[in-house]
Amino acid sequence: MSLVEPGEPATLAAAVRAAFADHYGEPPTSLGRAPGRVNLMGEHTDYNAGLVLPVALPHATYAAARARGDELVRITSAQEDEAWEGTLAELGPRTIEGWAGYAAGVIWAMREAGHRVPGVDLLVDSRVPVGAGLSSSAALECSVAVALADLLGLELTDDLRRELIEACIRAETEVVGAPTGGMDQTVAVFGEAGSALLIDFTSHETTPVSLDLAGHTLVVTDTRVKHALTDGGYGSRRADCETAAEALGVTTLREATQEAVDGLDDERVRRRATHIVSEIQRVTDTVTAFEGLDWDALGRLFDASHRSMRDDFEISCPELDTAVAVAVQAGAVAARMTGGGFGGSSVAVVPDERVDAVMRAVDAAFALEGFRSPVHLRAVPSAGASVS
Ligand code: GLA
């Protein structure tokens with residue numbers, strides 16, 4: 001069985017500092033930390049001005065930084081073979097290929113927002129599985145943003161946090177070109193230990209929802225089917241949602257009713273909108289179920305959400321369907337796919353004494369189906385970004 005441990009923050013921070021000094025010949029002056037996330041309910045609802053309910057993971061990315069005396073930017077990662085090097089003037093929309101675009105994009109977006117980010121050396125190291133639907137990209141962006149804020153001597157007030165979130169979203173949507181909705185960056189910054197974060201993308205309010213799991217564990221299973229948010233599937237779902245909103249004469253699907261959606265002519269667009277409208281309602285119901293420790297209701301909500309994503313939004317895959325079905329058979333009270341879809345991870349709420357059995361059952365089912373061996377992690381609800 002393969003379990004990804006988050007590691008001990010102080011140990012990881014020390015390792016990143018040492019790796020930076022080793023690589024660049026001088027120690028870093030700033031270190032930012034930002035977590036990955038797992039979403040409990042509300043998939044693809046963020047860009048429809050809806051509700052989401054993610055949890056920040058204990059698994060995080062660390063970014064070490066040191067200002068340079070010139071215009072050069074150097075970015076390297078413990079996980080990637082290729083480093084990136086260029087000048088501040090080279091940064092901009094769609095100018096940087098590959099993983100470094102997420103980090104360099106933050107420098108560009110912070111400068112666009114008026115912050116005088118200088119030439120800088122950066123080194124990042126991450127415990128967030130990449131391509132697993134657990135927001136390794138937002139963790140990377142937000143860890144860099146926090147490190148740069150520290151480098152500039154800025155205090156992490158709520159206002160600055162909101163500004164950094166915007167910069168990270170611009171890095172992802174404009175520099176990298178992934179048309180995502182903002183949930184990941186918001187929870188990577190505002191997540192709180194012991195809580196999920198209810199985010200309303202109409203009012204932009206964030207409300208921590210204390211999670212008393214009463215003897216249950218959030219088990220995440222990475223199917224290791226790599227998902228990418230830039231390859232068209234995500235963007236085409238978003239386009240379908242916009243088509244539906246336009247046909248209904250509303251600005252976003254947040255304002256649509258199921259009754260109105262039922263009247264849409266195009267069958268595919270109708271199913272996409274049905275997912276969004278029903279999923280937004282499920283977020284509210286999921287908060288109520290967690291608050292009431294109502295595991296039966298939670299099980300029904302997760303099941304309905306998974307079916308909606310599989311059949312109406314069509315973003316699941318055989319590996320995710322297997323992980324979800326087997327987790328429930330092996331004792332999970334609730335399970336669903338999570339994140340953008342087309343691969344990535346599932347999340348299950350599992351009685352503590354069944355955690356091992358659930359992970360082993362999923363491993364066995366994957367072996368039987370001839371799927372790649374999955375990787376599991378325990379999603380202990382953790383704090384958002386900080387300076388380390
Ligand atoms: C990705 C995006 C988010 C959100 C989810 C689906 O994680 O980055 O903005 O749309 O997919 O809920």
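Note that ligands are numbered from 1 as they come in the structure, with each ligand's atoms numbered from 1 the same way.
- The Gly181 neighbourhood of ligand 1 comprises atoms 9 (O), with distances under 4.0 Å to a heavy atom of that residue.
- The backbone N or O of Leu122 sits less than 3.5 Å from a side-chain atom of Tyr24, completing a donor-acceptor pair.
- Across Asn39, Val187, Leu134, Asp184, heavy-atom proximity to atom 1 (C) of ligand 1 is greatest for Asp184.
- Looking at residues two or more places apart in sequence or on another chain, you find no ring-ring contact (aromatic ring centres under 6.0 Å, His included) involving His306.
- An N or O contact shorter than 3.5 Å links Glu43 to ligand 1 by distance.
- With respect to atom 10 (O) of ligand 1, the closest heavy atom belonging to the protein is Tyr234 OH, 2.5 Å.
- Taking every heavy atom of Thr180 and a limit of under 4.0 angstrom, the matching atoms of ligand 1 come to 2 (C), 8 (O), 9 (O).
- No hydrogens or angles considered: nothing links the side chains of Ser195 and Glu192 as a donor-acceptor pair under 3.5 Å.
- Contact check for Arg68 versus Arg74: side-chain heavy atoms found under the 4.5 Å cut-off.
- Scanning all protein heavy atoms for the shortest distance to atom 5 (C) of ligand 1 gives Met183 CE, 3.7 Å.
- Residue Gln185 places every heavy atom at 4.0 Å or more from ligand 1.
- Nearest protein heavy-atom contact of atom 6 (C) of ligand 1 is His44 N, 3.4 Å.
- Counting heavy atoms closer than 4.0 Å to ligand 1, residue Arg237 contributes nothing at all.
- Residue Thr45 has no nitrogen or oxygen atom sitting less than 3.5 Å from a nitrogen or oxygen atom of ligand 1, judged on distance alone.
- Scanning all protein heavy atoms for the shortest distance to atom 3 (C) of ligand 1 gives Asp46 OD2, 3.3 Å.
- Thr217 and Asp352 share a side-chain donor-acceptor pair at under 3.5 Å.
- Checking Asp121 against His23 by side-chain atom types alone, no donor-acceptor pair falls below 3.5 Å.
- For the residue pair Glu172/Thr180, the side-chain donor-acceptor check at 3.5 Å is satisfied.
- One finds no salt bridge joining Asp296 and Arg300 here, because no Lys/Arg side-chain nitrogen approaches an Asp/Glu carboxylate oxygen to under 4.0 Å.
- Of all atoms in ligand 1, listed by their number and element, those nearer than 4.0 Å to a heavy atom of Gly182 are 9 (O).
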